[in-house]
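The figures that follow rest on heavy atoms only: side chains count, while hydrogens, waters and symmetry mates do not.
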Amino acid sequence: MIRAADIALLAVLTIVSGLLAAPFMRSWIGHRRLLFYVLLGGILLSQLLFRRFYWQVAPADAACLLLALGCLLIGRIGAIHLSVISAVAFVLTGMSLVCLIVLPLFRLPRPTGPYLVGTRNVRLIDPHQSDSSFPSGRRELMVQVWYPTDSRLEPLGPYRRWADTTVISSYDAFLKTHSHLNAPVSLRGGAHPVLLFNPAWGGLRTQNTYQTEELASYGYIVIAIDHTHNSARVAFPDGELVKASAVQSIDDFTNSTFDKQMAIANQELDTQAKDDSFVLDAFSAANDTPDSPWFRTMDMRRVGVFGHSFGGAASVEACFRDSRIRAALNMDGWMYGRIARKPLQKPLFLMYEQGWPPDEKQLSIQTGSDSPTDRMNVWDYHNLQRTLSEYGGYVLTLFGTKHMNFSDRSLYSPIRRMTDSGGIDPNLAHRIINRYTLAFFSHALNGTYEPILDQTSPVPYPQVHFSEWRVRFLAN
């Protein structure tokens, strides 16, 4: 969706380009140069003062300067040259239009819960894990926390900090979220349950802001973790920038074998599960520290974890390892680690894109295949069946989705091939995901009865196939 201010900008530049191209209008413009200088100069000034700069409108800004030059040169250069200036300005304006259509300044859905949302970035240093890439010699993490607040005095935070962006994603720093930066945590209702979020392989802590803001608006404190050396880029307050290590993607078997990829995945899984436990340690300590902004705001008896893609696998593994974590949600991620050896004896929810889990025909074809991807699918399917049949859980398949519908990325562009998204409306997919996520954690951590999780209740969405396996866990 293109913003109204950008539509107005492009419309004005198109009109001025057309006027400059018309021979019978040039004399009229020449006698009103001051008017056009004020108009075009006002556009540029408003860009700087009110809307700031994002690269999609850079061609339009160049067109604005070019048209100002054309107005100045009326009567001094020939008609052909003025026509060329007009044509180039028109092309530049069109380029901005295309850029804004392909990569618009998207809007996050407004949270629907009873709380306002606050957010805060926190740097953590793990004294138990070494990392020579930092001056401290220890592993360092950046986390972002979304939480309930009652204050709207603080400014709304950006989707990403400028330092966290690349040239292409730099416009993210100008996108406003619904979260008030560094607002105080609400104490209404007492201490809040805590959720950890793990991003995808190479993903970022902000990648599921549609979900973290919604959860915070319903009273959860959500801590999203950038796993250093795996997250695409992590910017620390002192200017340190750590980009992802040159590790082959875990689903790219082009120059690797199944066993090597499994080894890479399990090594990173171990690192991220340790990160999750360390983050819980750090915030548990902050929760008991009187001068901390988190003092007595967190209920560490109610902790869950969720993640997307590889982050979903890391979430399940952390739930295995850390007794404080009581429930796990995996969104469309292959599972590695301990779940291959035994079931997770805690509440487990698995969400999948269309086409998974496979039917018997697909499974038969993949079982007989030598493809590493098919082997991974079969291996993951058997892990899924084992843990569900032995201990229970929930499985949801969301029709019309692809892998990135479970993240903000599906909002980035209407061209779904660019975002690896399916045909479902991205906002509808997010509403469905959020509703089931809230129901699952409310049931698992707060002990509430959630009809949407009851297999005997009608499924409220035709886009969903939902199954409840026999569940042995009880919320304490």
Side-chain angles (χ1 to χ4, degrees), residues 126 128-134 139 141 198-205 207 225-234 242-278 305 307-322 328 330-344 348 350 352-353 355-358 362-387 402-404 406-407 409 420:
D126 187 348
H128 305 296
Q129 292 197 70
S130 60
D131 190 332
S132 59
S133 63
F134 291 100
R139 181 167 174 79
L141 302 174
N198 295 298
W201 186 278
L204 299 166
R205 64 184 185 271
Q207 70 162 69
I225 307 167
D226 266 341
H227 294 285
T228 311
H229 303 301
N230 186 275
S231 291
R233 51 191 291 123
V234 186
V242 180
K243 298 182 181 180
S245 303
V247 178
Q248 183 171 329
S249 176
I250 51 170
D251 61 355
D252 180 7
F253 296 96
T254 306
N255 298 306
S256 186
T257 66
F258 175 82
D259 292 335
K260 286 182 179 179
Q261 293 299 92
M262 288 293 291
I264 292 171
N266 283 314
Q267 182 178 1
E268 181 62 27
L269 193 75
D270 179 66
T271 298
Q272 295 197 13
K274 289 178 180 176
D275 285 346
D276 283 10
S277 290
F278 161 65
V305 62
H308 172 234
S309 194
F310 187 81
S315 298
V316 174
E317 184 69 10
C319 199
F320 265 109
R321 297 188 185 192
D322 198 313
N330 178 352
M331 293 182 289
D332 209 37
W334 281 334
M335 291 187 289
Y336 308 87
R338 298 189 185 188
I339 204 163
R341 302 189 295 274
K342 60 181 181 180
L344 176 66
L348 175 64
L350 300 149
Y352 292 112
E353 64 180 287
W356 190 263
Q362 290 174 310
L363 186 64
S364 176
I365 294 172
Q366 291 178 339
T367 300
S369 171
D370 293 328
S371 162
T373 301
D374 287 344
R375 285 184 62 190
M376 186 66 226
N377 285 335
V378 172
W379 183 86
D380 188 63
Y381 177 79
H382 288 309
N383 290 338
L384 168 69
Q385 292 293 312
R386 183 188 306 109
T387 194
K402 295 180 70 176
H403 192 54
M404 287 301 173
F406 294 89
S407 72
R409 185 173 171 180
D420 190 22

Listing, residues 334-341 side-chain donor-acceptor contacts under 3.5 Å, not counting sequence neighbours, or none:
unit_1 : atom_1 : unit_2 : atom_2 : d
W334   : NE1    : N377   : OD1    : 3.0

### Query
Does any N or O in the side chain of S309 come within less than 3.5 Å of the main-chain N or O of G333, such that one atom is a donor and the other an acceptor?
no
### Query
Which heavy atom of D126 sits nearest a heavy atom of Q129, and at what distance?
OD2-NE2, 3.2 Å
#### Entry: Verdict with supporting geometry, L348 and V316, side chain to side chain contact (heavy atoms under 4.5 Å, CB included)
CA-CA 8 Å; L348 175 64; V316 174; 3.9 Å; yes
## Note on the structure
By ring-ring contact (aromatic ring centres under 6.0 Å, His included), H308 pairs with (sequence neighbours left out) H403
## Note on the structure
With sequence neighbours left out, the residues meeting ring-ring contact (aromatic ring centres under 6.0 Å, His included) with F258 are none
### Query
At their closest point, which heavy atom of P199 faces which heavy atom of L204, and how far apart are they?
CB-O, 3.3 Å
### Task
For the residue pair V305 and D276, establish whether any side-chain heavy-atom pair is separated by less than 4.5 Å.
yes
### Query
Do R321 and D270 touch side chain to side chain, with heavy atoms closer than 4.5 Å?
yes
### Task
Spell out, as yes or no, whether a donor-acceptor pair under 3.5 Å connects the side chain of N266 to the backbone of M262.
yes
### Summary
When rounded to the nearest 0.5 Å, the distance separating CG of N198 from CD of Q207 is 10.0 Å
### Query
Quick check: does any side chain N or O of D226 sit under 3.5 Å from a backbone N or O of T228, one acting as donor and the other as acceptor?
no
### Message
Could you check whether any side-chain N or O of Q272 sits under 3.5 Å from a backbone N or O of H227, counting only pairs where one atom can act as donor and the other as acceptor?
### Response
no
### Side chain to side chain, I264 and Q267, heavy atoms closer than 4.5 Å
no
### Query
How far does CG of N330 sit from SG of C319, to the nearest 0.5 angstrom?
11.5 Å
### Message
Whether the S133 and D131 side chains hold a donor-acceptor pair (N or O, under 3.5 Å, no angle test) is what I'd like checked.
### Response
yes
### Query
Sub-3.5 Å donor-acceptor pair from the side chain of N230 to the main-chain atoms of G202, do we have one?
yes
### Query
Would a 4.5 Å heavy-atom cut-off, applied to side chains only, mark F278 and R139 as touching?
no
### Task
Grab the two heavy atoms, one from L269 and one from F310, that are nearest each other, plus how far apart they are.
N-CZ, 3.6 Å
#### Entry: Value rounded to 0.5 Å, distance of OG1 in T387 from CZ in F320
5.5 Å
### Backbone of K274 reached by a side-chain donor or acceptor of S277 within 3.5 Å
no
